[in-house]
Amino acid sequence: MTTNTLALCRQAPYGDALAREGLEAILAAAAMDQAPAVLFLRDGVFQLLPEQAPSAIGQKSLLRNLQALPMFGIETIHVCERSLLERGIDAKQLAIAGAEIELVADTGGFIAGFDSVLSF
């Protein structure tokens, strides 16, 4: 029996290791042919902004992890529309090569459609 899994990426990209560890867990699952769907919401939407300077705060960029998602079969990136609006981010600013950005208006309904949910 196949379980459909959703990974929630809720953390800002830098400041602690949770955002990086979440992306690494998603890539590890995908490498084992269990690619979860991914939803970026709350401060997690900041992970998708292309213009970041993590080296200024002594951090490594998450860009390579994000760019690897389509290579591991995660070709649709779901993004909470409300989270973008609340943070003043235009969806046109988001881009991951090889992936389609899909806005989600009803995150509760979207999340309810999965058997299991991982939260990062």
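Here the OG atom belonging to Ser83 is positioned 11.0 Å from the CG atom belonging to Leu48, to the nearest 0.5 angstrom. Atom CD in Glu100 sits 5.0 Å away from atom OG1 in Thr76 (nearest 0.5 Å). Leu94 CG to Ile89 CD1: the interatomic distance, rounded to the nearest 0.5 Å, is 6.5 Å. Gln34 contributes atom CD, which lies 7.5 Å from atom OG1 of Thr5 (distance to the nearest 0.5 angstrom). To the nearest 0.5 Å, atom CD of residue Glu75 and atom CD of residue Glu102 are 13.0 Å apart. Atom CZ of Arg64 is separated from atom CG of Leu66 by 12.5 Å, given to the nearest 0.5 angstrom.
At a threshold of 4.5 Å between side-chain heavy atoms, the hydrophobic network of Ile, Leu, Val, Met, Phe, Trp and Tyr places Val45 and Leu39 in two separate groups. No path of Ile, Leu, Val, Met, Phe, Trp and Tyr side chains, each step under 4.5 Å between heavy atoms, connects Ile101 with Leu85, placing them in separate hydrophobic clusters. Under the 4.5 Å side-chain contact rule for hydrophobic residues, Leu63 and Phe46 do not share a cluster. Under the 4.5 Å side-chain heavy-atom criterion for Ile, Leu, Val, Met, Phe, Trp and Tyr, Phe72 and Ile26 are members of the same hydrophobic cluster. Under the 4.5 Å side-chain heavy-atom criterion for ILVMFWY residues, no single connected hydrophobic cluster contains both Leu8 and Val79.
In this structure, Ala97 and Pro70 approach most closely via the heavy-atom pair O-CG, 3.3 Å.
With hydrogens and angles disregarded, no donor-acceptor distance shorter than 3.5 Å links the side chain of Arg42 to the backbone of Cys9. Of the possible donor and acceptor atoms, none in the side chain of Asn65 sits under 3.5 Å from a partner among the backbone N and O of Leu23. The closest donor-acceptor contact from the side chain of Tyr14 to the backbone of Leu62 lies under 3.5 Å. Of the possible donor and acceptor atoms, none in the side chain of Asp43 sits under 3.5 Å from a partner among the backbone N and O of Gln11. Judged by distance alone, with hydrogens and angles left aside, the side-chain atoms of Asp90 form no donor-acceptor pair with the main-chain N or O of Gln93 at under 3.5 Å.
Side-chain contact check for Arg82 and Thr107: no donor-acceptor pair (N or O, by modelled atom type) lies under 3.5 Å.
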Go through the steps for His78 and Phe110 under the test ring-ring contact (aromatic ring centres under 6.0 Å, His included), then give the verdict. CA-CA 10 Å; His78 301 92; Phe110 182 76; 4.6 Å; yes
Run the side-chain contact (heavy atoms from CB on, under 4.5 Å) check on Leu41 and Val104 step by step: do they pass? CA-CA 10 Å; Leu41 68 162; Val104 177; over 6 Å; no
side-chain contact (heavy atoms from CB on, under 4.5 Å) for Leu103 and Leu84? Distances and angles first, verdict last. CA-CA 9 Å; Leu103 299 181; Leu84 292 177; 3.6 Å; yes
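Under the 4.5 Å side-chain criterion, counting only non-hydrogen atoms from C-beta, Phe120 is not in contact with Glu21.
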